[in-house]
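Have a look at the structure below, then the notes.
For the numbers below, each heavy atom of this structure counts, side chains included, while hydrogens, waters and symmetry mates do not. Counting starts at 1 for both ligands and their atoms, following the listed order.
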Amino acid sequence: MRLHEGARAPDAASLSAEYDLVVAADGAGSTIRTALAERFGTTVERTAPDYVWLGADRSFDSLTFLVSDTPRGPVVAHVYPYEPGRSTFLVEAAFKPTVDELSELFADRLPGARLLENQSRWSRFTQVSNAAWSHGNVVLVGDAAHTAHYSVGSGTRLALDDARALAAALRAEPSLPGALAAYETGRRPAVEHT
Ligand SMILES: Cc1cc2nc3c(=O)[nH]c(=O)nc-3n(C[C@H](O)[C@H](O)[C@H](O)COP(=O)(O)OP(=O)(O)OC[C@H]3O[C@@H](n4cnc5c(N)ncnc54)[C@H](O)[C@@H]3O)c2cc1C
């Protein structure tokens, strides 16, 4: 086995011609899936509202929702602890307040705490879905196959469970088409439920 670290994968057609199986685990913007989008029946939607990913130098006990009503619309923060003294502070809003404005809006609920930036920028969640998760010898796993909204916090687990299910199906089924069908049949209900 050869491992190419930090290298861009070749295009979908070359991979498909050279290898028995191509596992597209290249994320929500998957190049391999995009090249075969019509075959997979791909839908990609950027959903409102805008969000920005920040931190707070304060530990919340558990997942907490903070809402601030402003003349420009509500601003909602999903806050949860990730280490002692630090929390994730994810903000959704119909407009794009600055970090200083956010600190002011939530000052009463964050007494003495600072909001922390780390290459934080406003963005929109990308909802990816595919009518089929495989085509020929190319199969989608993780965000390439389906994204899970960040408020659910399960995208990484779903991606790893996909990989495990695919490996199990490849071991159990005698043919590649059978294994890819079994993988999708097994995983799709759990993903759609999430
Ligand atoms: C704002 C936000 C917050 C989130 N919070 C959580 C959370 O709290 N908990 C959680 O479980 N999930 C969370 N998720 C979701 C989680 O990040 C994803 O579901 C997960 O990373 C999907 O894993 P993946 O391996 O499918 O894709 P990715 O993690 O995107 O990995 C794809 C990899 O493929 C590489 N790649 C892409 N194209 C090529 C190419 N042509 N050649 C070679 N390499 C390539 C990329 O560099 C990348 O390393 C969040 C997502 C977002 C957007």
State if Y80 counts as touching ligand 1 under the rule of any non-hydrogen atom under 4.0 Å. yes

Sub-4.0 Å heavy-atom approach of A7 to ligand 1: yes

Numbered atoms of ligand 1 (with element) below 4.0 Å of S154, judged on heavy atoms: 10 (C), 11 (O)

Any protein heavy atom < 4.0 Å from atom 29 (O) of ligand 1: no

Within ligand 1, which atoms have a heavy atom of G142 less than 4.0 Å away? 26 (O)

In terms of heavy-atom contacts, does CZ of R188 have more than 12 from other residues, nucleotides or ligands at under 6.0 Å? yes

Contact region, Y51 to ligand 1, non-hydrogen atoms below 4.0 Å, reads side chain

A9: numbered ligand 1 atoms lying under 4.0 Å from its heavy atoms: 40 (C), 41 (N), 42 (N), 43 (C)

Residue-level breakdown please: for A148 versus ligand 1, do any non-hydrogen atoms fall below 4.0 Å on the side chain, on the backbone, on both, or on neither? neither

Where the side chain of S120 meets the backbone of N118, is there a donor-acceptor pair that is under 3.5 Å apart? yes

With a 4.5 Å limit on heavy-atom distance, are the side chains of V138 and I32 in contact? yes

Quick test: of every protein heavy atom, which one is nearest to atom 35 (C) of ligand 1, and how far off is it to 0.1 Å? D26 CA, 4.5 Å

Taking the six-membered ring of F60 as reference, does the NZ or CZ atom of R58 fall below 6.0 Å from its centre and within a 45° cone about the axis? yes

Nearest heavy-atom approach of Q127 to T147 is CA-OG1, 3.3 Å

Considering only the protein, which heavy-atom contact is closest to atom 23 (O) of ligand 1, and what is its distance? A159 CB, 3.8 Å

Tell me: protein heavy atom nearest atom 15 (C) of ligand 1, and distance? G155 CA, 4.0 Å

Classify the contact between A25 and ligand 1 as side chain, backbone, both or neither, using a heavy-atom distance cut-off of under 4.0 Å. backbone

What is the nearest protein non-hydrogen atom to atom 6 (C) of ligand 1, stated with its residue, atom name and distance? G153 CA, 4.4 Å

Report yes or no: do S14 and D11 form a side-chain donor-acceptor pair below 3.5 Å? yes

Are the charged groups of E101 and R72 less than 4.0 angstrom apart, N to O? yes

Listed by chain and number, what are the ring pair (Phe, Tyr, Trp, His ring centres under 6.0 Å) partners of H78, not counting sequence neighbours? F65

Specify the protein heavy atom at minimum distance from atom 10 (C) of ligand 1: its residue, its atom name, and the distance to 0.1 Å. T156 OG1, 3.4 Å

Please check atom 8 (O) of ligand 1 for a protein heavy-atom neighbour under 4.0 Å. yes

Do me a favour and list the nearest non-hydrogen protein atom to atom 50 (C) of ligand 1 with residue, atom name and distance? Y150 CB, 4.3 Å

What one should report as the nearest heavy-atom pair of D69 and P74 is OD1-CB, 3.8 Å

Please check if a non-hydrogen protein atom sits closer than 4.0 Å to atom 46 (C) of ligand 1. no

What's the shortest distance from atom 41 (N) of ligand 1 to any protein heavy atom, and which residue and atom give it? R8 NH2, 3.4 Å

